[in-house]
*Asks:* 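Handing you this structure, nothing more for now.
We name chains A, B, ... by the order of the sequence lines, and we start the count at 1 in each one.
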Amino acid sequence: MDQNVVIRRDSDIAGNTQSSKHMSDVSSAASQPSSRQPVVRISGLVKRYHEKVAVDHFSLEVGEGEILGLLGPNGSGKTTTLNCLLALLKYDKGDIEIFGKPMDPSAYDIKRDIGVVMQNVAVIDSLSVYENIDFFCGLYIRDKALRKKYVEQAIDFTGLSDYRKYRPKKLSGGLLRRLNIACGIAHHPKLIIFDEPTVAVDPQSRNAILEGIRRLNKEGATIIYTSHYMEEVEELCSRIVIIDNGREVAEGTAAELKASLRNRETITVEVRQISEENLRGIREINHVYDVVQNGGTLVIRCDGGSHNLVHIMNFFMEKNIDFGRISTQLPTLNDVFLEITGKELRD
Amino acid sequence: MTFGHIFLYRIKELFRQKWCVGWNFLFPLVLATAFFVGFGSFIRNADILTTVDVAVVETQDDEMSSSFVDLVKKLDFMNVSVVDDEEAQELLKDGDVAGILYAPSFTANTRQLLNGNTLDNASSAADTLQISVENIGSSSMLTEDAKQASYWINDPTLTVAENGVNQTILSQFLKSYIANEKEMAMIITSADDPSAIPAAIQKTADMMAEDMTFGSSDVSLRYTDDGRGQLSPYMHYFFALIAMASLFASWISTSILDEAMANHSEIGKRNECAPVPRAVSLTANILSGLVIQVISVTCLILYIQYVLKLNFNAPLGYVILISAVCSATGIAFGVMFGALLGNHPATTTAVPLLFSMGCSFLSGLMVGNIQQIIQAAAPWINRINPAALLTDGLDSLGSYGIGPAYWQDVLILLALTAAAIAVSSLILRRKNYASL
């Protein structure tokens with residue numbers, strides 16, 4: 001297993017905070033781009049809703065300039081964590097610091113540098129695109145001239161110039177999401193939190209949104225990005241934390257997380273008939289560690305190596321095994337999640 | 001700066017929301033028009049009847065006649081034309097006046113007294129003038145004739161061309177005046193110095209002008225400077241309508257909370273993430289709602305007064321003042337409901353509707369005398385019902401002028417507003433939420 005990746009199992013978490021912290025420090029040191037004080041530090045966060053523990057001793061650090069992905073299925077505690085981070089929710093235990101200062105509802109100096117893009121669109125229907133951005137920017141920026149400049153920049157940034165006088169009801173889903181983003185980032189925040197910003201968005205708008213987030217990061221913003229779409233997180237984030245049932249289950253870069261898996265390649269072959277002897281033979285091929293037959297399909301898992309497909313094809317040829325379509329797939333974060341938790345990310 | 005930013009944007013937002021314009025601005029105007037179509041004519045007729053055109057003819061050149069003319073001119077429900085007899089007849093014939101009042105005058109006996117001559121029927125001229133008021137009825141010094149007012153004063157008379165309410169008013173006025181003539185006769189017979197009689201008669205007439213009340217029970221009285229008069233009972237429906245319109249402010253404040261509180265909406269969440277204290281945000285929002293509401297209620301009041309031409313019998317500033325205070329009560333109660341109920345679907349529509357319509361019903365919006373029934377059975381309800389307080393305030397303003405009853409209603413409304421704000425503050429002052 002890659003030393004930079006931390007994978008937590010249930011047995012690790014219960015009462016084992018000391019070693020977890022050590023491991024977390026190792027992984028954090030390895031994957032953070034700078035050794036400066038983290039922009040966000042969450043330590044041992046616990047949030048309960050009566051009997052249900054929504055966030056269970058969750059810890060997180062986000063370095064300056066990072067795009068941190070918070071990945072987990074629906075109901076895993078991502079949004080609850082963010083609401084605690086933003087001091088909207090009371091929590092039962094833990095500490096939260098942003099920019100090195102404790103976060104609380106009256107920390108207006110901290111709030112001034114935070115931008116939030118909500119999971120659900122949060123704009124005012126009776127105001128135009130321009131007015132919405134101006135209104136929300138005005139809650140952060142008091143200088144009228146500066147605010148006007150920022151609003152124009154936000155409109156250009158999100159490609160809404162042609163729609164400035166439109167009301168939200170006249171906008172498509174994608175444009176509405178862009179407006180939602182513009183309202184959250186217009187005031188040039190240093191920390192931006194995106195909570196599932198591409199839900200129900202068309203692919204074109206989705207790509208525009210992801211590109212916009214990259215640009216914001218290039219301009220200096222630290223970003224926390226939550227999603228249950230692993231492809232987005234893989235594409236965008238410099239570091240990923242996978243959360244399930246309110247706990248961190250894995251942390252590292254996308255490559256590191258995938259490399260931590262035993263299964264490095266999955267080859268799927270259509271076969272009409274195959275004998276037990278041949279199945280045993282396939283299992284003995286180098287790097288093949290698992291072969292499963294599902295009706296007319298063979299699923300072959302390999303734990304490393306290269307040219308695995310070539311070796312398997314050669315075996316089939318030698319043994320005159322009839323086969324149909326073949327496909328090969330590299331591991332995904334879903335596989336990481338599946339291996340750790342036994343569940344799919346998109347349950 | 002942020003306060004002003006939120007305040008101005010919120011006003012812009014509310015003006016653009018169809019439900020706000022529809023329910024808070026248009027619906028009360030529509031209902032007022034419906035009320036007017038239903039029974040506004042009763043009120044308008046009452047108003048017209050209190051202005052009576054009359055011709056007054058001075059019968060003699062004496063203080064009795066001139067003081068009568070002065071008295072009639074002072075009565076502001078009379079529209080007086082002082083003309084000669086011939087012209088008066090013309091006016092009556094043409095229907096320009098409801099009747100002709102012929103002024104009273106001193107009789108020859110009084111003129112004799114005023115000229116220093118002795119009276120024929122007095123045993124002694126000097127003794128006559130010494131008779132005191134108390135003795136005049138039983139004095140053996142005066143004959144039976146001399147004890148009558150008609151001995152000293154020629155009664156005023158009324159000539160009319162037809163029967164009607166205006167003519168009835170003139171007739172009743174005349175009766176009231178004649179009933180006071182006995183007092184004037186006493187002045188004549190009891191004066192130590194006859195030269196003082198004219199001034200005393202004038203003074204008596206001035207006092208009568210102040211004290212006189214006229215009209216029958218069928219006729220609404222006109223508002224007078226000292227606040228006395230009667231409003232048409234139908235105006236109470238319009239007062240209840242103004243109360244309902246004022247309390248519609250509760251809808252505005254539930255909408256305000258929806259956008260200000262994180263546990264109500266995503267917009268609320270975004271607002272609460274901003275570096276703006278909740279007190280500043282809520283106050284700016286609430287004040288903007290109050291401004292909108294006061295504008296809408298003022299439009300309604302002006303519509304009733306100037307378009308429907310129904311008289312409140314009161315200075316408009318005070319009508320608007322108590323309505324504005326009632327609007328503040330509506331806003332405060334709306335905030336309280338929102339704070340107590342949170343993001344429950346009932347908060348946005350059902351509760352404010354129930355509150356405004358319920359209070360208005362109990363103040364007489366649909367059943368005119370229900371407020372009186374409640375006053376008899378459970379008067380405390382009228383003391384805490386904002387709509388009842390408003391209608392009571394407008395009633396007393398129109399009937400009695402600006403007085404303790406009006407200010408009491410205003411103060412109770414302010415107290416209710418303060419109480420609702422206090423309850424809301426206790427709930428809303430928590431800094432974050434247990435759940436969202």
*Asks:* Before giving the answer on side-chain contact (heavy atoms from CB on, under 4.5 Å), spell out for A:N83 and B:Y433 the whole-Å C-alpha distance, their side-chain angles and the decisive distance to 0.1 Å.
*Replies:* CA-CA 10 Å; A:N83 286 335; B:Y433 305 89; over 6 Å; no

*Asks:* By a 4.5 Å heavy-atom criterion (distance strictly below it), what part of A:N120 contacts chain B: side chain, backbone, both, or neither?
*Replies:*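 Contact with chain B involves both backbone and side-chain atoms of A:N120.
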
*Asks:* Is B:R270 reaching over with its side chain to a backbone N or O of A:V116, donor-acceptor style, under 3.5 angstrom?
*Replies:*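 Looks like yes, one N/O pair under 3.5 Å.
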
*Asks:* Check B:N271 against A:F136 and note the closest heavy-atom contact, atom names and distance.
*Replies:*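 In terms of heavy atoms, the two residues are closest at OD1-CE2, 3.8 Å.
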
*Asks:* Any side-chain heavy atom of B:T2 within less than 4.5 Å of one from A:Y140?
*Replies:*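 Side chain of B:T2 against side chain of A:Y140, heavy atoms only: no contact under 4.5 Å found.
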
*Asks:* What is the distance from atom CD of B:Q17 to atom CD1 of A:I124, rounded to the nearest 0.5 Å?
*Replies:*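 With rounding to 0.5 Å, CD (B:Q17) is 9.0 Å from CD1 (A:I124).
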
*Asks:* Got a sec: does the OH of B:Y318 have more than 12 other heavy atoms crowding it under 6.0 Å?
*Replies:*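 Not buried by this count: 12 neighbours or fewer within 6.0 Å.
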
*Asks:* To the nearest 0.5 Å, how far apart are NZ in B:K12 and OG in A:S126?
*Replies:*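 Result: 10.0 Å between the selected atoms.
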
*Asks:* Are B:Y9 and A:D134 linked by a side-chain donor-acceptor pair shorter than 3.5 Å?
*Replies:*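 B:Y9 vs A:D134: donor-acceptor pair found between side chains.
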
*Asks:* So which of A:G184, A:A107, A:G138 has the biggest tally of heavy-atom pairs under 4.5 Å with chain B?
*Replies:*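 Winner by heavy-atom pair count: A:G138.
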
*Asks:* Please look at A:N132 and chain B and tell me whether the side chain, the backbone, both or neither of the residue comes under 4.5 angstrom of a heavy atom of that chain.
*Replies:*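 Contact with chain B is absent: no heavy atom of A:N132 under 4.5 Å.
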
*Asks:* Heavy-atom pairs under 4.5 Å with chain B are the metric here; pick the option from A:H187, A:R142, A:R48, A:E131 that has the most.
*Replies:*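 Highest number of pairs under 4.5 Å: A:E131.
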
*Asks:* With a 4.5 angstrom heavy-atom cut-off, could you sort out which part of A:Y49 is near chain B: side chain, backbone, both or neither?
*Replies:*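 Just its side chain gets close to chain B.
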
*Asks:* Answer yes or no: does atom CZ of B:F355 have more than 12 heavy-atom neighbours from other residues, nucleotides or ligands under 6.0 Å?
*Replies:*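 More than 12 heavy atoms, drawn from other residues, nucleotides or ligands, come within 6.0 Å of this atom.
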
*Asks:* State, with a plain yes or no, whether a side-chain heavy atom of B:E13 is found less than 4.5 Å away from one of A:F135.
*Replies:*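 A side-chain contact is absent here, since even the closest heavy-atom pair is not under 4.5 Å.
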
*Asks:* Under a 4.5 Å cut-off applied to non-hydrogen side-chain atoms, are A:K111 and B:E272 in contact?
*Replies:*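 A side-chain contact under 4.5 Å is absent here.
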
*Asks:* Counting heavy-atom pairs under 4.5 Å to chain A, which of B:A262, B:S265, B:C273 comes out on top?
*Replies:*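 Highest number of heavy-atom pairs under 4.5 Å: B:C273.
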
*Asks:* Given B:H5 and A:R147, is the side-chain contact (heavy atoms from CB on, under 4.5 Å) satisfied, shown in steps?
*Replies:* CA-CA 12 Å; B:H5 177 76; A:R147 183 171 92 230; 3.6 Å; yes

*Asks:* Would you sort out whether A:L139 and B:I6 count as a side-chain contact (heavy atoms from CB on, under 4.5 Å), showing the intermediate values?
*Replies:* CA-CA 8 Å; A:L139 301 179; B:I6 297 172; 3.8 Å; yes

*Asks:* Does any backbone or side-chain atom of A:L89 lie under 4.5 Å from a heavy atom of chain B? Answer side chain, backbone, both or neither.
*Replies:*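 For A:L89, heavy atoms of backbone and side chain both lie under 4.5 Å from chain B.
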
*Asks:* For the pair A:R167 and B:R16, evaluate side-chain contact (heavy atoms from CB on, under 4.5 Å) and give the outcome as yes or no after the intermediate values.
*Replies:* CA-CA 11 Å; A:R167 299 266 178 97; B:R16 290 183 189 174; 3.3 Å; yes

*Asks:* Would you indicate whether A:Y166, at its atom OH, is surrounded by more than 12 heavy atoms from other residues, nucleotides or ligands within a distance under 6.0 Å?
*Replies:*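 12 or below, so no.
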
